[in-house]
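Step one of this worksheet: look at the structure below.
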Amino acid sequence: MSETLNGLRALALLLPVALGLDAVGAAAKSEGPTSLRTVEGEVIVIETLMAGSRSDPGMTVVRLRVDDPEPEEIEVLLAPEAALRQTGFEIERGDRVRASIFLSAADRAEAHKVLNLSRNTMVRLRTLRGVPLWDRAGQWQGGPCRPAGHRHGR
Amino acid sequence: MKRIPAAAMMLASIACVAPAAAAVLDDAELTVLGSAASGDYGAGLDVRTEWLTVRCIAGDDLQVRVDLSMVSVETSTLSGLGPTVSGDERRRGTGDLGSPGATPEGESPTGGSTMGPVASVDSRTTGLGDLYLAVAKRVAGGGVRLFRLDTNLEIKVPTASESDGLGTGAWDYRVGFAGEYRFWSATTWGGLGWNRLGDPGGVELGDVVDVFAGVDSVPLIRERVILSGWVEGRQEAVAFSGNAASLGVGVQTTGRVRFGLQMRRGLTGSAPGVGVVFGISFGVSPAGAGIRGPQL
């Protein structure tokens, strides 16, 4: 059982370090989104922001007719069109989606994670601190959306 | 060979590879695993095994994995009163695929049968472990899709010394499938494999099927921690040794440098009683592949 105890000790030491570093990083980024909310509804409009718009040019925006938790319409910033294309995530008018979104003082919400219920696809677009998973050029930096099949070690 | 503490070797390895790995591993993941397992295999045989494994995984749809280990085996045997069959060659491989130390139920690691314990004989050996090479190919799903199915082939190259009791000295092969399905708040996964076990000297091992299934949480605590749990099982490789089943739980951090800790508890007599894995992964791809699921 000594391995068990040693393992627990290691975890007890390392997890606070990892979480503490994260907390420091979060504190440094004080301008992050304020609240996260999960909504479900239908896509009624999709548009790509043009150059000169107030938000990032090339950004894909969807307008959702939300029916859960309560009926309303919300505009959600997804990601640059190029980044979405690189992930393989597709969305069209009429698709039913579930999304966790950051609500902020701005007029549009930002997507943290989107599940397209009509196409059985899901993608995480931002971290919980609202950091986008693409670079300034709009290229996807989030890596593959899941690992392949090496679950079994020796 | 003088014993080198696994923890010291692990720290030395991390110190050597971490800076380079973090800089260059944009398309691959490097993981250093420290593992320990202990079990009472009956007839007075206790086996404690420690591994230090360096694992590299590259690719996504077509993924390649290489595992290279240092292994240390400590056996404690209660010698019997009755007649024993002489033989210094140790017999292994009836527990996990290629697990050092495990022997057929009722036999001592020195090849003798035991009828009554009178004294404890301890031994420890350390050396290079077996080399594992694996390839996984995406069959369906993957990417942003909610499911995936992969087929995989794994080969154990018997680089561990059979005479020192660190391996079976035989080639093993495993073909199987692994899949997963992602839910909004959790990911379920599982797999099935067929193992062709090479026969160590004097022991004939049957071909066995293994199966595992588990669940990962979504990243918790500001997306920094993933919790996992799973069950795994394996057919008996030697008649009457019994099927092995284990229950595992684990925790893994997220990010570019990931820490993981797993604990596994044997549910049957032929499985290692307790196993612990601690690991650290570097690299960004494939995301989250590091220290989840059965590792021992």
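These figures come from a predicted structure and were not determined experimentally. In what follows, chains are A, B, ... by sequence order, proteins preceding strands, each numbered from 1.
A distance of 8.5 Å separates CH2 of Trp184(B) from CG of Leu117(A), quoted to the nearest 0.5 Å.
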**Item:** Working for side-chain contact (heavy atoms from CB on, under 4.5 Å), residues Arg222(B) and Thr127(A)
**Value:** CA-CA 9 Å; Arg222(B) 289 199 299 252; Thr127(A) 70; over 6 Å; no
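With sequence neighbours excluded, no residue forms a side-chain hydrogen bond (donor to acceptor under 3.5 Å, both in side chains) with Glu42(A). Considering only residues two or more places apart in sequence or on other chains, Glu90(A) meets the side-chain contact (heavy atoms from CB on, under 4.5 Å) condition with Arg119(A).
No side-chain heavy atom of Leu128(A) sits under 4.5 Å from any side-chain heavy atom of Arg224(B). No side-chain heavy atom of Val144(B) sits under 4.5 Å from any side-chain heavy atom of Asn116(A).
Arg37(A) CZ: more than 12 foreign heavy atoms inside a 6.0 Å radius.
Ion pairing between a basic and an acidic side chain is recognised when a charged N comes within 4.0 Å of a carboxylate O; Arg129(A) and Glu223(B) show no such pairing.
Formation of a donor-acceptor pair under 3.5 Å by the Arg182(B) side chain with backbone atoms of Met122(A) is found in this model.
Only the side chain of Thr38(A) comes within contact range of chain B, judged by heavy atoms closer than 4.5 Å. For a residue to count as touching a neighbouring chain, one of its non-hydrogen atoms must lie under 4.5 Å from one of that chain's; by this rule Val139(B) does not touch chain A.
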